[in-house]
Amino acid sequence: MSVTPKRGLTLLLAGLAMFGPFAIDTMFPAFPAIAAEFGADDFAMQQTLSIYLVALAVMSLVHGPLSDALGRRPVVIGGVAVFTLASIGCALTWSIDSLWFFRALQGTCAGAGWIVARAIMRDLYQGPVVQRLMSNVSMLFTIAPALAPMIGGWVLLAGNWRLIFWFLALWGALLLVASIWRLPESHPPERRLPLRAGALVGGYLDMLRHRQFWPLAIAGTMNFSAMFLYISSAPAFVVGLLKLGPQQFGWLFVPAVMGMFLGALMSSRLAGRISVTSTISLGYGVMLGASVLNVATALVLPQPMIPWSVLPIGLHAIGISLSFPSLTVLLLDRFPLHRGGASSLQAFVSLVFNAVLAGLVVVFVSGSALHLALSAATLTVVGFVAWRVFRGQTKQELLHGGDDGVAPAAASPD
């Protein structure tokens, strides 16, 4: 087992983890142009996001177990290839219905890189090394949905909105070549598990019944959802509330990107110095403080103003990115023989919730900065409560003389 990851592999894993989340909202700046060409209303345009997320969520249950049974490389390479073809389909689409279809096809394969990349990291590395690697990859994974609309806006300046999807197709093709060339097979045949429907369903049911799965899955989901609320509301927030143009999405996303980068950098630097539970608790301290500041800003400024209305979002992003890698390590280490499946189930929970958030909740709260701030704060509090439930569970196990529930790859609870 390698001690330190190679730089080229880190970049490739980051690219694989990034392309699914990146494709979520690259098209946001093109919403008005697409709506005008196809005669689509706001609800129809919002479904280009929720349909993608639903497809991503459903297939996320398959990618991990497939990689447990067939190996990591075939699943990643096949997923990237289909994503590239689906992106070409989006670029050539002829109606809003056909765009929905190709967005769904994108979603069915986009999770292959994101989910399997995490399993590869955990296959190859352990201890502070895997936390550090996940933190470095997380810098790109977590900033992808925030960076995407800015890049989409820049591409839109070059011409037709279809260029955004040609850009995604080109990126997919580059990742496909890189994966064929450099991606290692980290799951050898002797460790593979048969892919049987009964065993697959039974394995997922066992994970769902595991008393520590839900607190960790809910904590990770709610944390990112607080940011995703703003990401999926970006057209309404940037154009409708901040009164900015399609090329000015950076006013929302630059603070978010910087915050996520700083949080992941902090997580990487803290790996091996303090326990993963201390790192997560620090992240929650930042997120809760940012939530209070965000609500206060929305109350003081009924009409959102830059930069004040976006700075709390950037601060919140620091806490999200600081805690996410450690929460992921803790969850995967509960299922050492089924890391691909555990990664899939964690992704499924998160994606289903965010699909509902984007398709339904955003429609009702995106017209008010205060409603957005209160909703994000509520999500953060729910995540914090779930984290405290997990901490209570591990302390109970320690008091009863059992395993503390934290595998040797992670640190023990404080």
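Just so it is clear, the model here is predicted, and its values are computed rather than measured.
Scanning both residues, Ala91 and Arg162, for their nearest heavy atoms gives O-NH1, 3.0 Å. Nearest heavy atom pair, residue Leu175 against residue Leu12, reads CD2-CD1, 4.3 Å. Here the closest non-hydrogen pair linking Lys395 and Arg388 is NZ-NH2, 4.1 Å. Contact between Ala169 and Ile88 at its shortest, heavy atoms only, is CB-CG1, 3.7 Å. Across every non-hydrogen atom of Leu301 and Trp308, the tightest pair is CD1-CB, 3.8 Å. In plain terms, the two heavy atoms of Gly172 and Val80 that are nearest each other are O-CG1, 3.2 Å.
Judged by distance alone, the side chain of Gln212 and the main-chain N or O of Leu330 form no donor-acceptor pair under 3.5 Å. Side-chain atoms of Thr48 never come within 3.5 Å of backbone atoms of Ala44 as a donor-acceptor pair (strictly under, hydrogens ignored). Judged purely by atom type and a 3.5 angstrom limit, Ser321 has no side-chain atom pairing as donor or acceptor with the backbone of Gly263. Of the possible polar contacts, one joining the Thr26 side chain to the Phe22 backbone as a donor-acceptor pair under 3.5 Å is found. Of the possible donor and acceptor atoms, one in the side chain of Ser275 sits under 3.5 Å from a partner among the backbone N and O of Ser278. Under the 3.5 Å distance criterion, the side-chain polar atoms of Glu185 are matched with a main-chain donor or acceptor of Arg73. One N or O on the side chain of Asn354 and one on the backbone of Ser350 form a donor-acceptor pair closer than 3.5 Å. For the pair Tyr284 (side chain) and Thr380 (backbone), a donor-acceptor distance under 3.5 Å is absent. Distance alone, capped at 3.5 Å, is enough to place a donor-acceptor pair between the His63 side chain and the Thr108 backbone. Side-chain atoms of Ser233 come within 3.5 Å of backbone N or O of Leu229 as a donor-acceptor pair.
Looking at heavy atoms from C-beta onward, Val286 lies out of side-chain contact with Ile320 at the 4.5 angstrom threshold. Using a 4.5 Å cut-off on side-chain heavy atoms (C-beta onward), Gln106 and Phe101 make no contact. Side-chain contact between Leu242 and Val310 is present, with at least one heavy-atom pair separated by less than 4.5 Å. Residues His371 and Phe364 have side chains not in contact (no heavy-atom distance under 4.5 Å, counting atoms from C-beta outward). Put simply, the side chain of Trp387 reaches to within 4.5 Å of the side chain of Leu327, judged on heavy atoms. Side-chain atoms of Phe213 and Leu345, non-hydrogen and from C-beta on, do get closer than 4.5 Å to each other. Looking only at side-chain heavy atoms (C-beta outward), Leu99 and Met27 come within less than 4.5 Å of each other. Taking the side chain as every heavy atom from C-beta outward, Ser323 and Met287 approach each other to under 4.5 Å.
For the atom pair CG of Leu176 and CZ of Phe19, the computed distance is 10.0 Å after rounding to the nearest 0.5 Å. Distance CD1/Ile313 to CD1/Ile318: 13.0 Å, rounded to 0.5 Å. Note that CG of Leu252 is 9.5 Å distant from CG of Leu244, once rounded to the nearest 0.5 Å. For the atom pair CG (Leu374) and CG (Leu379), the distance works out to 11.0 Å, reported to the nearest 0.5 Å. Once rounded to the nearest 0.5 Å, the distance linking CG of Leu370 with CG of Asn294 reads 9.5 Å. Between atom OG1 of residue Thr328 and atom CG of residue Asp333 there is a gap of 10.5 Å, rounded to the nearest 0.5 Å.
Taking the six-membered ring where the residue is Trp, the centroids of Phe324 and Phe224 are separated by 6.0 Å or more.
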Ser95 and Ser98: side chain to side chain donor-acceptor pair (under 3.5 Å), yes or no, with the steps? CA-CA 5 Å; Ser95 67; Ser98 63; 3.3 Å; yes
As a quick check of understanding, evaluate side chain to side chain contact (heavy atoms under 4.5 Å, CB included) for Cys90 and Arg103, giving each step before the final call. CA-CA 7 Å; Cys90 289; Arg103 285 288 283 172; 4.2 Å; yes
Side chain to side chain contact (heavy atoms under 4.5 Å, CB included) for Leu241 and Leu372? Distances and angles first, verdict last. CA-CA 11 Å; Leu241 295 177; Leu372 283 169; 4.3 Å; yes
Could you walk me through whether Ile120 and Leu183 pass the side chain to side chain contact (heavy atoms under 4.5 Å, CB included) test, one step at a time? CA-CA 10 Å; Ile120 291 173; Leu183 187 69; 3.9 Å; yes
Determine, stepwise, if the pair Thr279 / Ser326 fulfils side chain to side chain donor-acceptor pair (under 3.5 Å). CA-CA 7 Å; Thr279 301; Ser326 296; 4.6 Å; no
For a side chain to side chain contact (heavy atoms under 4.5 Å, CB included) check, start with the C-alpha distance between Met222 and Phe353, then their side-chain angles and the critical distance, and finish with the verdict. CA-CA 9 Å; Met222 294 300 114; Phe353 183 81; 3.6 Å; yes
Could you go through the ring-ring contact (aromatic ring centres under 6.0 Å, His included) check for His316 and Tyr230 one step at a time? CA-CA 11 Å; His316 200 136; Tyr230 280 94; 8.5 Å; no
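Counting non-hydrogen atoms of other residues, nucleotides and ligands closer than 6.0 Å to CZ of Arg209 gives a total above 12.
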Name the atoms and distances for all side-chain donor-acceptor pairs under 3.5 Å in residues 253-260, with sequence neighbours left out.
none

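Between Trp94 and Phe102, the angle of the ring planes goes over 60°, which puts this pair in the perpendicular group of the 30/60° scheme.
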